[in-house]
Amino acid sequence: MKKQLLVAIALAALTPAALAQTGNSRPQPVVQPLTIPLPADKPYPGTMQLKVDATDVARGIFRVRQTIPVAKAGKLTLLYPEWLPGKHAPRGAIAEMAGLKPTAGGKPLSWTRQPTDVYAFDVDVPAGVKSIDVTFEFLSPTRSSEGRVVVTPAMMNLQWEQVSLYPAGYFTRQIPVQLEVTLPDGWTGVAALDGLKMSGNRYSYAPTNYEVLVDSPMFAGRHFRKWDLGHNVTLNVVADEAQYLDARPDHIARHAALVSETVALFGSRPFDRYEFLLALTDELGGIGLEHHRSSENSRKPDYFTKWDDNDSIRGLLPHELVHSWNGKYRRPDKLWTPDFRTPMQGNLLWVYEGQTSYWDLVLAGRSGMQSKEMILGEWATHAGFYSVQPAREWRAVEDTTLDPVIAARKPKPFASWSRGEDYYNEGSLVWLEADMLIRAATNHTRSLDDFARAFFGGRDGDWGQNSYNFDDVVAALNAVHPYDWAGFLRDRFQKPERPAPLGGIEGAGYRLVWRDAPNIFDRDRMAQARNLDLTHSLGMTIDKDGIASTILWNGPAFRADIVNGSKIVAVDGTSYSRERLEAAIRAATDGKTPVRLLVERGGRYRNVDIAYHGGLRWPHLEKVRTGPDWFDRLLAPKRQL
């Protein structure tokens, strides 16, 4: 009877008006309390001990043991790094962490993963406990479909954020940690950490802080060689086989020249020492990642042994070296965070990455790492793409700085309509325009070099961080040459419907033109990728097996309903080859003959006639102004020769 009365009261509360408004049951959200301590800039009570056993090369398993001091009993929240500098997005490899077991005095401790933050683990610490031990395994990918491969029979890439936890509630720079890593017998490891002591295959380092540890990864390998490049910079190379370490003196001299040119540009060094970590490999997963006193880089095994064939891929090391100044020492204020849980905001990546992409080409030219022809070819390729990129009408460059979070760098169905991380290459072209604008206005007495020295330079050996914002960039540009730099930057980076960024090319006395043969950069990158880039003719790229990709939105292939993954089986009734397709495109310039293809997708075949008659087209830069070549002036060495 009592139950019936309660039901009647509840129903009476639902008036006809209320029932009409709601219709169905409508729950209210459960309030989720904030249970993870916010980071505070205070010293952590004690030094963490981190021991990593990296000897299980056959299975790619890293075994981790951490000893973490604790100040009091109760809940201790441990965090696995999530937001990682240089990756511009939450990329923490939490899925590969397994076997977590916290103990105190050999006794197991209970733990719970926070359901609203899977990177956070709450450990119950008993009274009287001064430190806890935590063990787990990092199960590194053994094939590329599982993620980036970081262990091979010949080398490994140890990133300490993958094999460690840290206590919540502190700035990471306030958490002391001491590292010990055990490598396979006979291997050599290099990391930009201080106080190395070796005992056999065991590497121990002096205590540092957790921020510096994560910023100081290790490359290790069976086949290793290093070279001194001057200015306290070392080139450390591991290779799949010993033969690939055979660098000529001229190769090393160009790397040394790169260092000298970079120091000459910025006028100081934001490090006490710097370690290039370079893997020459077909087996380790590719990487190009900046750090303050080092960088992780990988190139083809024949980087040295086929030097003349690899001009197009030598821009990586210049790029990552520049980041020590632009990105690590000087960093956008919203990209600097006190820990690896606080989200990063990349709205100024067009400075961080965009201007670095400009300087990597300039410094490659000044040092001889790349030829002028290759550098102009790369700018031509980017300018040509942006001249046809349809997504420019709706999406600004600055919005693409969010793309590492939005798309997580996965392939896209129609990338030319959604855009990707264009702040890199479009940023390079816009900063070229800024440089040429300053040069023209000051009769070459000033340039973007002056901005670089004033803005990114600092005290020699200072490897702290100095953050900046949009107004700081504008003020520094105005100090070099007064101009409406705020309007210039907002117009080119923050607005959609902008024309292709050709101002720098035209300011240098060149123009974008189209020819029926690829420029040197397109030629080499197609050879490296073993594909055929027909973006500016049929509006697609075709790989060695005839598979189409990067379909240009509203281009000829798009209008013929060809999508990514379609296979070109035949051209004019004969099996596909690059030569036959190029011949068909040339034949179609008569204005009457279509490009006739047999296309397969998902087991279904169809004949496709593409009414395209414009011939083969690739972008080039052509000099149109008489007199001294402004690109020669830009790429002229600055170091003392």
Side-chain angles (χ1 to χ4, degrees), residues 261 265 311-312 314-315 318 350 354-389 392 397 422 424-452 481 483 488 491-493 498-526 533 535-537 614-638:
E261 285 293 342
L265 170 66
D311 194 358
S312 64
R314 287 201 290 272
W350 45 263
Q355 196 172 132
T356 296
S357 296
Y358 175 67
W359 289 124
D360 72 42
L361 289 171
V362 172
L363 292 168
R366 291 178 182 177
S367 63
M369 286 284 285
Q370 290 183 291
S371 66
K372 173 188 174 183
E373 185 182 9
M374 183 64 69
I375 292 163
L376 298 194
E378 181 167 346
W379 270 328
T381 296
H382 300 323
F385 173 70
Y386 293 129
S387 72
V388 300
Q389 184 190 46
R392 307 179 65 78
V397 175
D422 288 334
Y424 281 90
N425 296 328
E426 185 154 353
S428 175
L429 289 166
V430 171
W431 288 112
L432 171 63
E433 181 181 4
D435 199 344
M436 292 302 153
L437 190 157
I438 296 170
R439 290 172 184 269
T442 64
N443 195 26
H444 288 282
T445 60
R446 308 222 79 187
S447 69
L448 203 65
D449 288 53
D450 298 287
F451 169 85
H481 169 63
Y483 186 72
F488 175 92
D491 182 70
R492 284 149 180 81
F493 290 122
R498 288 291 306 154
L502 305 181
I505 293 167
E506 294 165 355
Y510 282 69
R511 66 181 177 184
L512 179 67
V513 298
W514 303 91
R515 296 175 184 159
D516 62 2
N519 66 58
I520 187 174
F521 178 73
D522 278 336
R523 184 200 70 192
D524 282 15
R525 71 184 180 89
M526 286 190 290
D533 187 347
T535 297
H536 302 290
S537 53
L616 293 165
R617 297 174 81 245
W618 283 277
H620 292 257
L621 299 189
E622 179 180 84
K623 189 171 184 286
V624 294
R625 188 162 61 206
T626 59
D629 190 314
W630 283 32
F631 279 128
D632 285 342
R633 289 176 171 177
L634 173 65
L635 301 177
K638 304 298 181 185

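By convention here, the first residue in the shown sequence is residue 1.
In this structure, R617 contributes its side chain and W514 its backbone to no donor-acceptor pair below 3.5 Å. Without hydrogens or angle criteria, D491 side chain to F488 main chain gives no donor-acceptor distance under 3.5 Å. Of the possible donor and acceptor atoms, none in the side chain of H481 sits under 3.5 Å from a partner among the backbone N and O of L437. Formation of a donor-acceptor pair under 3.5 Å by the D435 side chain with backbone atoms of L448 is found in this model. Remark: side-chain polar atoms of R525 are not paired, donor with acceptor, to backbone N or O of E378 under 3.5 angstrom. No donor-acceptor pair closer than 3.5 Å links the side chain of W359 to the backbone N or O of G354. R515 places no side-chain N or O within 3.5 Å of a backbone atom of H620 that could act as its donor or acceptor partner. Side chain of N519 to main chain of P619: a donor-acceptor pair is present (N/O by atom type, distance under 3.5 Å, no hydrogens or angles).
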Discussion item. Assess the residue pair R366 and L265 against the criterion (side-chain contact (heavy atoms from CB on, under 4.5 Å)); give the C-alpha distance rounded to whole Å, side-chain angles, the decisive distance to 0.1 Å, and a yes or no.
Written reply: CA-CA 10 Å; R366 291 178 182 177; L265 170 66; 4.1 Å; yes
Discussion item. Please determine whether side-chain contact (heavy atoms from CB on, under 4.5 Å) holds for the pair M374 and D524, giving the CA-CA distance in whole Å, both sets of side-chain angles, and the decisive distance to 0.1 Å.
Written reply: CA-CA 9 Å; M374 183 64 69; D524 282 15; 3.3 Å; yes
Practice prompt. In sequence, state the C-alpha distance, the side-chain angles, and the governing distance for W350 and W431, and then conclude on side-chain contact (heavy atoms from CB on, under 4.5 Å).
Written response: CA-CA 9 Å; W350 45 263; W431 288 112; 3.9 Å; yes
Item to complete: Show your reasoning for whether salt bridge (charged side-chain N to carboxylate O under 4.0 Å, His left out) applies to R492 and E426.
Response: CA-CA 9 Å; R492 284 149 180 81; E426 185 154 353; over 6 Å; no
Worksheet item: Can you list the steps and then say if R439 with D449 is a salt bridge (charged side-chain N to carboxylate O under 4.0 Å, His left out)?
Response: CA-CA 10 Å; R439 290 172 184 269; D449 288 53; 3.8 Å; yes
Discussion item. Go through it in stages, so that I can follow the logic: the residues are E622 and R511, the test is salt bridge (charged side-chain N to carboxylate O under 4.0 Å, His left out), and I'd like the CA-CA distance, side-chain angles, deciding distance and then a yes or no.
Written reply: CA-CA 5 Å; E622 179 180 84; R511 66 181 177 184; 2.6 Å; yes
Fill in: Audit row: Y386, L429, side-chain contact (heavy atoms from CB on, under 4.5 Å) steps and yes/no
CA-CA 10 Å; Y386 293 129; L429 289 166; 3.9 Å; yes
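Scanning all heavy atoms of the two residues, the minimum distance from I375 to A364 falls at CD1-C, 4.3 Å. Nearest heavy atoms, R498 versus R392: O-NE, 3.1 Å. For the pair G504 and M436, the tightest heavy-atom approach, listed with the atom from each and the gap, is O-CG, 3.5 Å. In terms of heavy atoms, P501 sits closest to V430 at CB-CG2, 4.2 Å. Minimum interatomic distance between F521 and G377 (heavy atoms only, all atoms of both residues): CB-C, 3.6 Å.
At a threshold of 4.5 Å between non-hydrogen side-chain atoms, the residues L635 and L361 do not count as touching. Inter-residue side-chain proximity for W630 and R625 is flagged as met; some heavy-atom pair is nearer than 4.5 Å. Residues W618 and M526 form a side-chain contact, since some pair of their non-hydrogen atoms from C-beta on lies under 4.5 Å apart. Looking at heavy atoms from C-beta onward, S428 lies out of side-chain contact with H382 at the 4.5 angstrom threshold. Put simply, the side chain of L621 does not reach to within 4.5 Å of the side chain of V513, judged on heavy atoms.
Residue Y424 holds its OH atom at 9.0 Å from OG1 of T356, rounded to the nearest 0.5 Å. I505 CD1 to W379 CH2: the interatomic distance, rounded to the nearest 0.5 Å, is 8.5 Å. Distance check: L432 CG to Q355 CD gives 11.5 Å after rounding to the nearest 0.5 Å. Rounded to the nearest 0.5 Å, atoms NE2 (H536) and OG (S387) are 6.0 Å apart. In this structure, CG on L502 lies 6.0 Å from CG on L512, to the nearest 0.5 angstrom. Note that CD1 of I520 is 10.5 Å distant from CG of L376, once rounded to the nearest 0.5 Å.
In summary, the side chains of Q389 and D422 do present a donor paired with an acceptor at a separation below 3.5 Å, with no hydrogens or angles considered. Side chains of N425 and S357: a donor-acceptor N/O pair is absent below 3.5 angstrom, by distance only. Between the side chains of T445 and N443, no donor-acceptor pair of N or O atoms lies under 3.5 Å.
Under a 4.0 Å N-O distance rule, the pair D632/K372 qualifies as a salt bridge.
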